[in-house]
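Notes follow the structure.
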There are 2 protein chains.
Amino acid sequence: MPLEIRPSQALRLWRQVHLDLVRDGQADLSARQTAILLTVYLELPPHTVRGLARQLGVTKPVITRALDTLGKLGLLTRKRDEEDRRNVVIQRTVAGALAVERLGDLVTEHAKEIGAS
Amino acid sequence: MPLEIRPSQALRLWRQVHLDLVRDGQADLSARQTAILLTVYLELPPHTVRGLARQLGVTKPVITRALDTLGKLGLLTRKRDEEDRRNVVIQRTVAGALAVERLGDLVTEHAKEIGAS
DNA sequence: GGATAATGATACGGGTCCGTAACGATCTGG
DNA sequence: CCAGATCGTTACGGACCCGTATCATTATCC
């Protein structure tokens, strides 16, 4: 069954979740950083800089910088690929998994509240 | 009727929409900027710097700077309040309304695709 | 009218990020 | 084994944003 949601409900949901993210003092992630984080945690490994750049349609330095920040926040890690030492593999962390899980719960909770608008 | 969505579906939806936002070359808004934009467009006017700061739980300079950027992007405007000239009223723009509408449609479309996971 | 309060903007030093270009390290193929 | 391709990172000048503190402007209230 497809997920039914009207644009007006979608916008209210989008606002409520973003409000919560801001108010909870979470890191103020940009859309790019969020896309990278969720791709790493939802899609099958391995994840590389080049692969992420291709998926997001941005240049490699953009990914490198985003990984710097997300790494500093503890949301993911980098590791050299020993098979092909040119590659860097992006790995998940416990803190990152918790943050992603929290986001999923947040969206689900607010979706419940939205109900009939 | 409450809106039913599982955390795993919510996360996939969140990722898909963010991927689209990044790929479409939209402005790379932060969570704060998104929260401000949606608040202005979904909640009843008037909107002031102080009011937004209170709602988001951040300081006034944060709002001022976000309004600078969102204004530069043409997504909203500021106008001095003639009733009480200390206040600045944040106003909607055509471009901003279109961007918000687009976001609503984007979420709705991806929600349809999510369906049974 | 003058002290007080309230509003939004600004200054500051420091961090992040941009796009473009170049870089070192590593693998690959003739 | 060495030229070329590929990988991720770094350098650059410029822009944005941070939090804290302070600012000028305007309103309020005795």
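Because the structure is predicted, anything quoted here is derived from the model rather than measured. In what follows, chains are A, B, ... by sequence order, proteins preceding strands, each numbered from 1.
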Whichever of A:Arg80 and B:Asp28 has the more 5' nearest nucleotide on DNA chain C, that residue is B:Asp28

Between CD1 of B:Ile63 and C1' of C:dT10 the distance, given in whole Å, is 16 Å

Do B:Asn87 and B:Val49 come within less than 4.5 Å of each other through their side chains, counting heavy atoms only? no

Between CZ of B:Arg50 and C1' of C:dA9 the distance, given in whole Å, is 14 Å

Separation of D:dG8 atom C1' from A:Leu52 atom CG, nearest Å, is 12 Å

Partner of B:Ile36 under side chain to side chain contact (heavy atoms under 4.5 Å, CB included), picked from B:Leu56, B:Leu75, B:Val62, is B:Leu56

When rounded to whole Å, the CG to P distance for the pair A:Leu67 and C:dT16 reads 14 Å

Rounded to whole Å, CZ of A:Arg85 lies from C1' of D:dC7 at a distance of 12 Å

Point to revise | D:dG19 base / B:Arg65 side chain donor-acceptor hit below 3.5 Å | key: yes

Rounded to whole Å, the NZ-C1' distance (A:Lys79 to D:dT9) equals 19 Å

A:His110 vs A:Arg12, test: side chain to side chain contact (heavy atoms under 4.5 Å, CB included). Steps then yes/no. CA-CA 9 Å; A:His110 281 296; A:Arg12 286 202 292 147; over 6 Å; no

Would you say a side-chain N or O of A:Arg78 is under 4.0 Å from OP1 or OP2 of D:dT9? yes

Worksheet entry | N/O (side chain, B:Arg86) to phosphate O (OP1/OP2, C:dA6) under 4.0 Å | no

Separation between CH2 (A:Trp14) and CG (A:Leu19), nearest 0.5 Å, reads 13.5 Å

When rounded to whole Å, the CD to P distance for the pair B:Glu82 and D:dT26 reads 10 Å

B:Glu43 with A:Arg15: basic N within carboxylate O range, under 4.0 Å: yes

Side-chain atoms of B:Val88 come closest, of D:dG8, C:dA9, C:dT26, to C:dA9

Is the phosphate of D:dC16, meaning OP1 or OP2, less than 4.0 Å from a side-chain N or O of B:Lys72? yes

Taken to the nearest whole Å, CD/A:Glu83 to C1'/C:dC27 is 13 Å

By nearest-nucleotide position on DNA chain D, the 5'-leaning member of A:Asn87 and A:Asp68 is A:Asn87

Closest of C:dC27, D:dG8, C:dA9 to the B:Pro61 side chain is C:dA9

At less than 4.0 Å, is any side-chain N or O atom of B:Thr64 found next to OP1 or OP2 of C:dG8? Yes or no.
no

For this session: Please step through side chain to side chain donor-acceptor pair (under 3.5 Å) for the pair A:Asp28 and B:Ser30, ending with a clear verdict.
Result: CA-CA 6 Å; A:Asp28 187 34; B:Ser30 68; 3.2 Å; yes

(message) Side-chain N or O of B:Lys60 versus OP1/OP2 of D:dG19: is the shortest distance under 4.0 Å?
(response) no

With the side chain defined as heavy atoms from C-beta on, B:Asp84 is closest, among D:dT10, D:dA27, D:dC18, to D:dA27

Under 4.5 Å between any side-chain heavy atoms of A:Val89 and A:Arg78, yes or no?
no

ask   = Would a distance-only check, ignoring hydrogens and angles, find a side-chain to backbone donor-acceptor pair under 3.5 Å from B:Asp81 to B:Val88?
value = no

Within residues 29-49 of chain A, those residues having any heavy atom closer than 4.0 Å to DNA chain D are A:Thr48, A:Val49

Checking C:dT26, C:dG19, D:dG19 against the side chain of B:Thr59 (C-beta onward), the nearest is D:dG19

